[in-house]
Colleague: 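Encoded as structure tokens, here's the structure I'll be asking about.
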Amino acid sequence: MNINMYIDGKWVEASNGNRRDVLNPATGEVIASSADGSADDAKLAIKAARKAFDSGIWSNLSPDERAACLYRIADRLEEKAAELARLESANNGKVIRATTHVDIPVSIQCFRYYADMIKDMKKETYTRADASETWIIHEPIGVCGLIVPWNFPLMLAVWQIAPALAAGNTIVIKPAEATPVSVFKLFEILEEVGLPAGVANLVLGPGSTVGNELAESHDVDKISFIGGTKTGKSIMRAAAGNMKKITLELGGKSPLIVFDDVDFEIAVENAMFGIFHNAGQVCSAASRLLVQASIYDRFVERLAERAGKIVVGNGEIEHIEMGAITTEAHMNDVLHYIQSGMEEGARLVCGGKRLVENGLERGYFIAPTIFADVDASMRIVKEEIFGPVLVVQKFTDEEDAIRKANDSVYGLAGAVFTEDMERAKRVISKLRAGITWINSYHLAYIEGPWGGYKQSGIGRALGAAGLEHFMETKQINIHQHANRVGWYAN
């Protein structure tokens, strides 16, 4: 597969002629060749998006006309769903079960959801005692730079693209260098459905050049970034140059609290899913497990037993339960964290190594890993690992659980497992996190806002908030005739 950039309605090579290999992380095989652009390419894409927005070719369309285009995109995604699921698994390393039943269906639903929403938007109108009127209307922001990560390449891209286009903006999107395949296929669809030239632009290349240009450019009116907190802070600084609007979904070190009245086996299974889904490469992963002292030892033992039986391998094979780490560099980062945990004195109860048996040596696989008897000072407890590594802490009572759960610079997600609903509601209300669950984990809905507290980000994706973040709000005060103010004596 030959992947190029899409700028101003044309497929183009990188201006510097550079290309990079795109790998299947399960096998190490090259599956595509991708253009590898630079800041110059980003500038061309921004210029095209600026011209398209200022012309009104998209923003001046009625909501119904924009919605019709989004419906067509969703229909084409649905037609190509099986192909996209396979490609996403091959490029990202995740299991085909996830791409088939989560990533692609949610992407389709997202386009339809925002098409429905933009059609139903109405201006607010207020009539005053003096017969004047006030209108409150929503308008597109302008040119939006979208920077999306490699863990959910298509789905997280669509979370930004669908509301941005629904609102009437033009976009420049930069997918992660390692996982451009599915976003490239989406842009083939955007071309097929007749999206006007310059409205959507695809730039490929490193974050340090392409991403930085999007963040710094004064012709970009909004930047939306999903990724690590360190990079998010640098984007905030760059975006300050023209005070562009920002939405940031950043890191997490999310707690899952288990009280001793739970159904034991169900809680164990949910704890596994919370951390080992997508090989732990989920911003909201339940990477800190807090277990009540009375069941702590038994819970850790059973969790390790079941985690050791997780079927790890090439995600394209149907029965595989956990796939590859998406890049070799990130696999090495995760392995360094595991080594750090052992050096700091945490008790390794399972995993802790790269998997190289039965042909896995060609890919980037790490065994499901669990550390027990950790304390809050350890790096593996404080820092986001973004891999299949779980740390288990013991708590005594409700107050202790809340204190330990909130002892983090992050605040993206969290969950409580208990049969006592009054306790569940008390605890969940005190968790400093934006996405929370009672007796479940990872289940999320397009209609609900997605984002975090503290250093887990700014703003929200999805739901009504996801559209609002791509719109400006204007107040219009209307008097039918001008009147004297009567303020000045002369």
Colleague: If we count only N and O atoms by modelled type, under 3.5 Å, do the side chains of Tyr410 and Glu384 hold a donor and an acceptor together?
Modeller: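 Note: Tyr410 and Glu384 side chains miss the donor-acceptor criterion.
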Colleague: What's the separation between atom NE2 in His469 and atom SG in Cys144, rounded to the nearest 0.5 Å?
Modeller: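 Here the rounded value is 12.5 Å.
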Colleague: Quick one: which of Val172, Val12, Ile46 gives a side chain to side chain contact (heavy atoms under 4.5 Å, CB included) with Ile7?
Modeller: Val12
Colleague: Testing Asp103, Leu154, Val158 for side chain to side chain contact (heavy atoms under 4.5 Å, CB included) with Ser182, which one passes?
Modeller: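 With Ser182 as partner, side chain to side chain contact (heavy atoms under 4.5 Å, CB included) holds for just one option, Leu154.
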Colleague: Any side-chain heavy-atom pair from Leu186 and Leu84 closer than 4.5 angstrom?
Modeller: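 With C-beta onward as the side chain, the pair stays apart.
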Colleague: Hey, could you give me the CG/CD1 distance between Leu431 and Ile428, rounded to the nearest 0.5 Å?
Modeller: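 Going from CG on Leu431 over to CD1 on Ile428, the span is 4.5 Å.
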Colleague: Using a strict 4.0 Å threshold on nitrogen-to-oxygen distance, state whether Glu249 and Arg460 make a salt bridge.
Modeller: no
Colleague: Which pairs count as side-chain hydrogen bond (donor to acceptor under 3.5 Å, both in side chains) when at least one residue sits in residues 198-207, sequence neighbours excluded?
Modeller: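 Every candidate side-chain hydrogen bond (donor to acceptor under 3.5 Å, both in side chains) pair involving residues 198-207 fails, so no pair, neighbours aside, qualifies.
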Colleague: Partners of Glu191 by side-chain hydrogen bond (donor to acceptor under 3.5 Å, both in side chains), sequence neighbours excluded?
Modeller: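 Glu191 satisfies side-chain hydrogen bond (donor to acceptor under 3.5 Å, both in side chains) with Trp11 only.
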Colleague: Checking Ser224 against Gln160 for the side chain to side chain donor-acceptor pair (under 3.5 Å) test, could you report, in this order, the C-alpha distance in whole Å, the side-chain angles of both residues, the deciding distance, and whether it holds?
Modeller: CA-CA 7 Å; Ser224 181; Gln160 312 303 315; 2.5 Å; yes
Colleague: Check for a donor-acceptor pair, side chain of Ser55 on one end and backbone N or O of Ala52 on the other, with a separation under 3.5 Å.
Modeller: yes
Colleague: With distance as the sole test, does Thr170 use its side chain to make a donor-acceptor pair with the main-chain N or O of Val199 at under 3.5 Å?
Modeller: no
Colleague: Look at atom CG of Asn358 and say whether more than 12 heavy atoms of other residues, nucleotides or ligands are closer to it than 6.0 Å.
Modeller: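 Atom CG in Asn358 is not crowded, with 12 or fewer foreign heavy atoms closer than 6.0 Å.
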Colleague: Any donor-acceptor pair under 3.5 Å linking the side chain of His138 with the backbone of Thr473?
Modeller: no
Colleague: Please answer whether the main-chain N or O of Ala464 pairs with a side-chain N or O of Tyr114 as donor and acceptor at a distance below 3.5 Å.
Modeller: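 No: the side chain of Tyr114 does not pair with the backbone of Ala464.
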Colleague: Before you tell me yes or no, could you show the steps for His442 and Ser284 under side chain to side chain contact (heavy atoms under 4.5 Å, CB included), namely the whole-Å CA-CA distance, both residues' side-chain angles and the distance that decides it to 0.1 Å?
Modeller: CA-CA 8 Å; His442 281 316; Ser284 56; 4.0 Å; yes
Colleague: Considering non-hydrogen atoms only, spot the tightest contact between Ile171 and Ala49 and give its length.
Modeller: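 Scanning both residues, the minimum pair turns out to be O-CB, 4.3 Å.
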Colleague: Which atom pair, heavy atoms only, marks the closest approach of Ala167 to Pro140?
Modeller: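 Here Ala167 and Pro140 meet closest at O-CB, 3.3 Å.
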Colleague: What are the two closest non-hydrogen atoms of Val282 and Asn278, and how far apart are they?
Modeller: CG2-CB, 3.7 Å
Colleague: Check this for me, if you would: do Glu361 and Arg354 make a salt bridge, where the nitrogen-to-carboxylate-oxygen distance has to be below 4.0 angstrom?
Modeller: no
Colleague: Looking only at side-chain N and O atoms, does Lys222 offer a donor or acceptor that is under 3.5 Å from a partner on Thr247?
Modeller: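 Thr247 vs Lys222: donor-acceptor pair found between side chains.
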Colleague: Show your reasoning for whether side chain to side chain donor-acceptor pair (under 3.5 Å) applies to Asp116 and Tyr71.
Modeller: CA-CA 9 Å; Asp116 290 343; Tyr71 289 135; 2.4 Å; yes
Colleague: Step by step, work out the side chain to side chain contact (heavy atoms under 4.5 Å, CB included) result for Cys69 and Leu195.
Modeller: CA-CA 7 Å; Cys69 187; Leu195 200 68; 3.6 Å; yes
Colleague: If I take atom CZ from residue Arg66 and atom CG from residue Asn60, how far apart are they, to the nearest 0.5 angstrom?
Modeller: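 With rounding to 0.5 Å, CZ (Arg66) is 9.0 Å from CG (Asn60).
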Colleague: Could you tell me whether a side-chain N or O of Thr326 sits under 3.5 Å from a main-chain N or O of Asn92, the two making a donor and an acceptor?
Modeller: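 Yes, Thr326 side chain to Asn92 backbone: donor-acceptor pair under 3.5 Å.
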Colleague: Which atoms form the tightest heavy-atom contact between Arg20 and Pro206, and what is the distance?
Modeller: NH2-CG, 4.4 Å
Colleague: Donor-acceptor check, side chain of Thr436 to backbone of Ala415, threshold 3.5 angstrom: yes or no?
Modeller: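 Not at all, since once roles are kept as given, no pair shorter than 3.5 Å links the two residues.
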Colleague: I'd like to know whether CD of Glu269 has more than 12 heavy-atom contacts from other residues, nucleotides or ligands below 6.0 angstrom.
Modeller: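 No, because the 6.0 Å sphere around CD of Glu269 holds 12 heavy atoms or fewer from other groups.
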Colleague: Check this for me, if you would: do Glu29 and Arg362 make a salt bridge, where the nitrogen-to-carboxylate-oxygen distance has to be below 4.0 angstrom?
Modeller: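 Salt bridge flag = no for Arg362 with Glu29.
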Colleague: At their closest point, which heavy atom of Ala405 faces which heavy atom of Leu290, and how far apart are they?
Modeller: N-CD2, 3.6 Å
Colleague: Starting at OG of Ser254, measure out to CG of Leu289 and round the result to the nearest 0.5 Å.
Modeller: 12.5 Å
Colleague: Taking Asp41 for the side chain and Ala14 for the main chain, is one N or O donor matched with an acceptor at less than 3.5 Å?
Modeller: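 Pair absent, no side-chain N/O of Asp41 close to backbone of Ala14.
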Colleague: When you compare the side chains of Gln281 and Lys94, does any donor N or O come within less than 3.5 Å of an acceptor on the partner?
Modeller: no
Colleague: Run the salt bridge (Lys or Arg N to Asp or Glu O under 4.0 Å) test against Asp221 and tell me which residues pass, sequence neighbours left out.
Modeller: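 Salt bridge (Lys or Arg N to Asp or Glu O under 4.0 Å) check on Asp221 returns Arg50.
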Colleague: Heavy atoms only: give me the nearest Ala271-Leu303 pair and the separation to one decimal.
Modeller: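 Heavy-atom minimum between the residues: CB-CD1, 4.2 Å.
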Colleague: Does the pair Arg432 and Lys454 meet the rule for a side chain to side chain contact (heavy atoms under 4.5 Å, CB included), with working shown?
Modeller: CA-CA 8 Å; Arg432 299 287 296 160; Lys454 298 187 278 188; 4.1 Å; yes
Colleague: Show your reasoning for whether side chain to side chain donor-acceptor pair (under 3.5 Å) applies to Asn24 and Glu316.
Modeller: CA-CA 10 Å; Asn24 181 332; Glu316 296 176 79; 3.0 Å; yes
Colleague: Rounded to the nearest 0.5 Å, how far does CD1 of Ile108 lie from CZ of Arg76?
Modeller: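 Atom-to-atom, Arg76:CZ and Ile108:CD1 are 11.5 Å apart.
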Colleague: Does Ile141 offer a backbone N or O that forms a donor-acceptor pair with the side chain of Asn169 under 3.5 Å?
Modeller: yes
Colleague: Is a salt bridge present between Asp75 and Arg112, judged by a nitrogen-to-oxygen distance below 4.0 Å?
Modeller: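 Salt bridge: yes.
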Colleague: Do His336 side-chain atoms and Asn332 backbone N/O form a donor-acceptor pair below 3.5 Å?
Modeller: yes
Colleague: What do the steps show when you test Trp150 against Phe386 for ring-ring contact (aromatic ring centres under 6.0 Å, His included), and what is the final call?
Modeller: CA-CA 12 Å; Trp150 44 258; Phe386 214 67; 5.5 Å; yes
Colleague: Output yes when Asp8 and Lys51 qualify as a salt bridge under the 4.0 Å nitrogen-oxygen rule, no when they do not.
Modeller: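 A salt bridge is absent here (no side-chain N lies under 4.0 Å from a carboxylate O).
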Colleague: In Å and rounded to the nearest 0.5 Å, what is the CG to OG1 distance from Leu250 to Thr231?
Modeller: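 Nearest 0.5 Å value for the CG-OG1 distance: 9.0 Å.
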Colleague: Check the pair Arg19, Glu13 against salt bridge (charged side-chain N to carboxylate O under 4.0 Å, His left out), reporting the backbone distance first and the verdict last.
Modeller: CA-CA 9 Å; Arg19 300 194 70 80; Glu13 296 272 0; 2.5 Å; yes
Colleague: With the side chain counted from C-beta on, respond yes when Asp40 and Asn16 share a heavy-atom pair under 4.5 Å apart, and no when they do not.
Modeller: no
Colleague: For Lys47, does the NZ atom have more than 12 heavy-atom neighbours from other residues, nucleotides or ligands under 6.0 Å away?
Modeller: no
Colleague: Given Glu447 and Tyr113, is the side chain to side chain donor-acceptor pair (under 3.5 Å) satisfied, shown in steps?
Modeller: CA-CA 8 Å; Glu447 298 84 1; Tyr113 173 76; over 6 Å; no
Colleague: Surrounding CE of Met378 (heavy atoms of other residues, nucleotides or ligands, distance under 6.0 Å), is the total greater than 12?
Modeller: yes
Colleague: Would you check if there is a donor-acceptor pair between the side chains of Asn91 and Arg86 at a distance under 3.5 Å?
Modeller: no
Colleague: Determine whether a donor-acceptor pair (N or O, by modelled atom type, separation under 3.5 Å) exists between the side chain of Thr100 and the backbone of Ile96.
Modeller: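 Between the backbone of Ile96 and the side chain of Thr100 there is a qualifying donor-acceptor contact (under 3.5 Å).
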